[in-house]
Amino acid sequence: MKKKWLVPLHARVKQLNTAFLNGHVEKDLPEKDRVAFVKDADEINARGAEVVSAKIKGDVLSAVTFDSLTQVDYFIVVDRLIKQGERTYMEERTMRRRAFFEGSVLVEDQCQTTYPLSLQERGEKRTGNIVRDEQSGYNRRNAVRYAEQWWNDYNPAFVRFEDNCTNYVSQCLYAGGAPMTGKTAKQRGWWYENEKRMSLSWSVAHSFRWHLSGATSGLRGEEKKMASDLLPGDVICYDFNGNGKWNHCAIVIAKDANNEPLVNAQTINSRYRYWTYQNSPAYTENIQYKFFHITI
């Protein structure tokens, strides 16, 4: 029998798709969503870009009813075709959301920070081998290729975290030929052995940021003043609250028509996302960035 909350859930997804397409924000969207969509529309306009089309697909992950209240966990995959001058590219994003219904009435709906299901959990199998060319220094093409392969899935050769952004970027850099160093203590170097043994810098954004700027051998990051100075295969670190705690990182995949970076990242899995994260619910006016040109 068709669930009575499916109709309002479909209406909410349609509402989200409209907002992703043209920035039109209805009053009953959650505040964080509304703020993010307004900032997103402002940023798109400021870049001289436009969203040509937007599509959302997704599915219900689980539904649990307690008395008259039903909790529905679902995920959506957003594809947006963005045109900027003579150039076009497809931005993609995967989000997990949680909605609450009283009967058939939607009373709450919020984006979640937990990761979506992997392809393996959806019944698809993928191998987790990394092909490295350790003789050519840092191979940016290989790093980007890996970032594209795994942006919306999780390599079974590595542990997966709820906050998986740094683990993902570390894997990309390793695929690009960055050597592991300092396998003596988790507070030192940049390395991964198994799900119980790895450096903090491999999986913790704050430690990763400081490793890049402080390392004198192996994987290093040369700080740049502007995002436009970066190349594909470089890294951006984010302190969303501007309080000195670095809590996110992303890898540069391409440059837009204004020579600004487009990034891939995980946790909220994103592909070809504009680097500022102004359209993220985590964004604040105090945000700080670090731009790292990767060297080894």
Can you see which heavy atom on [X] is nearest to which on [Y], and at what distance?
| X | Y | result |
| --- | --- | --- |
| Arg47 | Tyr89 | NH2-OH, 2.8 Å |
| His206 | Gly244 | CE1-O, 3.1 Å |
| Val263 | Val252 | CG1-CA, 4.1 Å |
| Ala227 | Glu260 | CB-OE1, 3.9 Å |
| Pro179 | Gly218 | CG-CA, 3.9 Å |
| Asn258 | Asp256 | N-OD1, 2.8 Å |

Between [atom1] on residue [X] and [atom2] on residue [Y], distance to nearest 0.5 Å:
| X | Y | atom1 | atom2 | result |
| --- | --- | --- | --- | --- |
| Ile44 | Gln278 | CD1 | CD | 10.0 Å |
| Phe75 | Met95 | CZ | CE | 13.0 Å |
| Leu9 | Lys14 | CG | NZ | 14.0 Å |
| Asp73 | Arg97 | CG | CZ | 11.5 Å |
| Tyr272 | Leu262 | OH | CG | 7.5 Å |
| Thr295 | Asp234 | OG1 | CG | 9.5 Å |

Does [X] reach the main-chain N or O of [Y] with its side chain, forming a donor-acceptor pair under 3.5 Å?
| X | Y | answer |
| --- | --- | --- |
| Asp67 | Leu69 | no |
| Asn45 | Asp42 | no |
| Gln266 | Tyr168 | no |
| Lys255 | Ser228 | yes |
| Asn264 | Ala147 | yes |
| Asn155 | Ala157 | yes |
| Arg98 | Gln71 | no |

With the side chain counted from C-beta on, respond yes when [X] and [Y] share a heavy-atom pair under 4.5 Å apart, and no when they do not.
| X | Y | result |
| --- | --- | --- |
| Thr88 | Lys83 | yes |
| Val51 | Phe20 | no |
| Cys111 | Lys32 | no |
| Val159 | Tyr192 | yes |
| Leu219 | Tyr138 | no |
| Leu29 | Leu16 | yes |
| Ser280 | Ile268 | no |
| Trp275 | Phe291 | yes |

Output yes when Asp239 and Lys290 qualify as a salt bridge under the 4.0 Å nitrogen-oxygen rule, no when they do not.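 So Asp239 does not pair with Lys290 through a salt bridge.
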Salt-bridged, Arg12 to Asp33, with N to O below 4.0 Å?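 Judged by the 4.0 Å cut-off on N to carboxylate O distance, Arg12 and Asp33 do not form a salt bridge.
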Going by salt bridge (charged side-chain N to carboxylate O under 4.0 Å, His left out), name the residues that satisfy it together with Arg220, two or more places apart in sequence or in a different chain.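 So Arg220 forms no salt bridge (charged side-chain N to carboxylate O under 4.0 Å, His left out) with any residue.
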Of the options Ser199, Ser201, Ser170, which is the one that meets Trp190 in a side chain to side chain donor-acceptor pair (under 3.5 Å)?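 Exactly one option meets the side chain to side chain donor-acceptor pair (under 3.5 Å) with Trp190, and it is Ser170.
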Quick one: do [X] and [Y] end up in the same hydrophobic cluster if we chain Ile, Leu, Val, Met, Phe, Trp and Tyr together by side-chain heavy atoms under 4.5 Å apart?
| X | Y | result |
| --- | --- | --- |
| Leu212 | Trp246 | no |
| Phe158 | Phe161 | yes |
| Phe37 | Leu106 | yes |
| Leu231 | Phe292 | no |

Evaluate the side-chain contact (heavy atoms from CB on, under 4.5 Å) criterion for residues Phe101 and Thr65: first the C-alpha distance (whole Å), next the side-chain angles of each, then the deciding distance (0.1 Å), finally the verdict. CA-CA 9 Å; Phe101 295 85; Thr65 299; over 6 Å; no
Testing the 3.5 Å rule here: is there a donor-acceptor pair between the side chains of Arg197 and Asn194?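 Judged by distance alone, the side chains do not pair up.
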Applying salt bridge (charged side-chain N to carboxylate O under 4.0 Å, His left out), run through Asp40 and Arg80 and close with a yes or a no. CA-CA 12 Å; Asp40 180 58; Arg80 297 200 303 179; 2.8 Å; yes
Is the Trp202 ring parallel, tilted or perpendicular to the Tyr174 ring (thresholds 30°, 60°)?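 The rings of Trp202 and Tyr174 stand perpendicular, inter-plane angle above 60°.
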Name the orientation class of the two ring planes belonging to Tyr238 and Phe240 (parallel below 30°, tilted from 30 to 60°, perpendicular beyond 60°).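 If you compare the ring of Tyr238 with that of Phe240, the planes turn out parallel.
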Got a sec, which residues hit ring-ring contact (aromatic ring centres under 6.0 Å, His included) with Trp191, two or more places apart in sequence or on another chain?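 Counting only residues at least two positions away or on another chain, Trp191 forms no ring-ring contact (aromatic ring centres under 6.0 Å, His included).
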